[in-house]
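We number each residue from 1, following the sequence as shown. Both ligands and their constituent atoms are indexed starting at 1 by order of listing.
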Amino acid sequence: MNLDHASVWAKCLSVIEDNISAQAFKTWFAPIKPVKLDGHVLTIQVPSQFFYEWLEEHYVSLLRKTVRKELGPDARLEYSIIMEHIHEGASSSPYTVNMPTTEVRATRNAEVAMPIVGEPAPIKNPFVIPGLRKLNIDSNLNPNYAFDSFIEGECNRLARSAGFAVANKPGGTAFNPLLIYGGVGLGKTHLAHAIGLEIKNRQPDKTVLYVSSERFTHQFIDAVRNNTVNDFSHFYQMMDVLIIDDVQFFSGKEKTQDVFFHIFNHLHQTGKQIVLTSDKPPVEMQGMEQRLLSRFKWGLSADLQVPSLETRMAILEKKMYADGIELPREVIEYLAYSITTNVRELEGALISLVAQASLNRKAITLDLAKHMIDKFVKNTAREVSIDYIQKVVCDYFDLPIELLKSKTRKREIVQARQISMYFAKKMTKSSLANIGLHCGGKDHATVLHACRTVNNLSETDKHFRKYLEDLEKKLAIH
Ligand code: ADP
Ligand code: MG
């Protein structure tokens, strides 16, 4: 057979593309170039050390699987990294690293069909637990999602502490089930894993299983097809702690709800812990059987809110620290100010930014951040926020932002406040009332008056006009 590196890599890419998000594919795989194929060894070129580390950290098992699929079980992947010129003079000789062939960390979400460890493959019916030996399953927990890396804030205080209580005493608190709900990207999955990890840490003997409701549903459908529903139920009934993520996915699936109902009852009656997450509170769940909904309400429902600015900054800083990334403070601030409602997008923006800077060998500046955020983060509002305007204005005049938001009538504060209102009206879609509310609790008439004053001053006062021009540049998205 005549294989060449380009066609092998193209085939790998087509598999990879189906398995990850479009954004991730574009960011991490599009820049890779296949360079040679030597027997079983495929060499690919990546733009920087950072890329290599990121691929290793996040995509190693996917890469390994796809390469083996194309080149057989002995396949190996080698990276050729283009040297970074930024610090190191002009050396451009690529050096290669072998992909470690040792296993990825075991608690990572495995891609196996059913998490029974140590079973000789292939298993016909994965739910049959051989003999009565202690159930030894892969808990499917992601070690990156621990309590340690979950930043606490007003937005998650209740859910986090309830989760922690449950982790201390699974099945032994009033929080059973514990239902964590909230919008996308607010940390439900992270918290669910954290609970499982903490329990495993404290009590390694407990049988803990994290499963997405999608996976649960698919397994159930397979069990129906293979006539193994009893085994399926028994398997789940043997858990000490069952964590099911995104239960809203059960909506409208009566049979799945039915089997889950029985599993739920069994676990609950025998004092086992159930942790659920959902994108909405039980009262708003549609297409869910009443008897199941009423059980969801037995324990505690705790919500995750949108994090405050301080919490968003803390999350970014934690993330940077964990990934060994350094960014200028103003860039962090810009990200935290601009992406307000979804922590996943916030992190995505950070990572895209670092990747792009590394790819193009550019320093990470505020300008680059502004440019990138628009291009790479979907759904990001293209308008600046009132908070951001206030911050830029206060920085410019060197005033504390608390004063601007207060009711003080000191002259320089009044002026900064009026300028903020002016830009907020010009650059955001906020109502006058909302702008007023953000700027010391003023009413809409005050905002209109402020805009008029700023317009008048800019026509008569040269210095004032210069302030506005400077600020306008700072606030521009591009
Ligand atoms: P959800 O399941 O609610 O959609 P995730 O749990 O997947 O959200 O969170 C999205 C990303 O945001 C994850 O990478 C997670 O680690 C991160 N994240 C969310 N909230 C926090 C937090 N309070 N502290 C640290 N990271 C967080
Ligand atoms: Mg989730």
Original post:
Are the side chains of Q305 and N156 in touch, meaning some heavy atoms are under 4.5 Å apart?
Top reply: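 Q305 does not reach N156 side chain to side chain.
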Between [X] and ligand 1, is there a nitrogen or oxygen pair with a distance under 3.5 Å?
{"X": "G187", "result": "yes"}
{"X": "F150", "result": "no"}
{"X": "G185", "result": "yes"}
{"X": "I315", "result": "no"}

For [X], counting its heavy atoms only, list the atoms of ligand 1 lying under 4.0 Å from any of them.
{"X": "G183", "answer": "3 (O)"}
{"X": "K188", "answer": "1 (P), 2 (O), 3 (O), 4 (O), 6 (O), 8 (O)"}
{"X": "S149", "answer": "24 (N), 25 (C), 26 (N)"}
{"X": "N156", "answer": "23 (N)"}
{"X": "V184", "answer": "4 (O)"}

Subject >> Presence of salt bridge, D367 and K370, under 4.0 angstrom >> reply: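 Salt bridge absent between K370 and D367.
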Original post:
Do any heavy atoms of K318 fall under 4.0 Å from ligand 1?
Top reply: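 Judged by the 4.0 Å heavy-atom criterion, K318 does not count as contacting ligand 1.
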**OP:** Kindly say whether the aromatic ring centers of F232 and F220 come within a distance under 6.0 Å.
**Re:**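 Yes, the ring centres sit under 6.0 Å apart.
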Subject >> Check: F260 ring centroid to Y236 ring centroid under 6.0 Å >> reply: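 No: the rings miss the under 6.0 Å criterion.
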Original post:
Parallel, tilted or perpendicular for H58 and W54, by the 30°/60° rule?
Top reply: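 Parallel, since the angle between the ring planes stays under 30°.
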Subject >> Nearest-neighbour protein heavy atom for atom 23 (N) of ligand 1, which is reported as residue plus atom name and distance >> reply: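 Protein heavy atom at minimum distance: I151 O, 2.9 Å.
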Original post:
Which residue supplies the protein heavy atom nearest to atom 11 (C) of ligand 1, what is that atom called, and how far is it?
Top reply: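 Going atom by atom, the protein heavy atom closest to atom 11 (C) of ligand 1 ends up being E347 OE1, 3.6 Å.
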Main-chain N/O of [Y] paired to [X] side chain as donor or acceptor, under 3.5 Å:
{"X": "Q248", "Y": "D279", "result": "yes"}
{"X": "S212", "Y": "R215", "result": "yes"}
{"X": "Q390", "Y": "H438", "result": "yes"}
{"X": "K405", "Y": "I401", "result": "no"}

**OP:** Using 2.8 Å as the cut-off, count the protein N, O or S atoms closer than that to the Mg ion (ligand 2).
**Re:**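 N, O or S atoms of the protein closer than 2.8 Å: 1.
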Subject >> T277: which of D246, V247, I244 passes side chain to side chain contact (heavy atoms under 4.5 Å, CB included) >> reply: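 That would be D246; it is the only one of D246, V247, I244 passing the side chain to side chain contact (heavy atoms under 4.5 Å, CB included) with T277.
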Per-pair distances, 0.1 Å, donor-acceptor, side chain in residues 175-191, under 3.5 Å, sequence neighbours excluded:
unit_1: N176; atom_1: OD1; unit_2: Q273; atom_2: NE2; d: 3.3
unit_1: N176; atom_1: OD1; unit_2: I274; atom_2: N; d: 2.9
unit_1: N176; atom_1: ND2; unit_2: K272; atom_2: O; d: 2.8
unit_1: K188; atom_1: NZ; unit_2: G182; atom_2: O; d: 2.9
unit_1: K188; atom_1: NZ; unit_2: G183; atom_2: O; d: 2.8
unit_1: T189; atom_1: OG1; unit_2: D245; atom_2: OD2; d: 2.6
unit_1: H190; atom_1: NE2; unit_2: A146; atom_2: O; d: 3.1
unit_1: H190; atom_1: NE2; unit_2: S149; atom_2: OG; d: 3.4

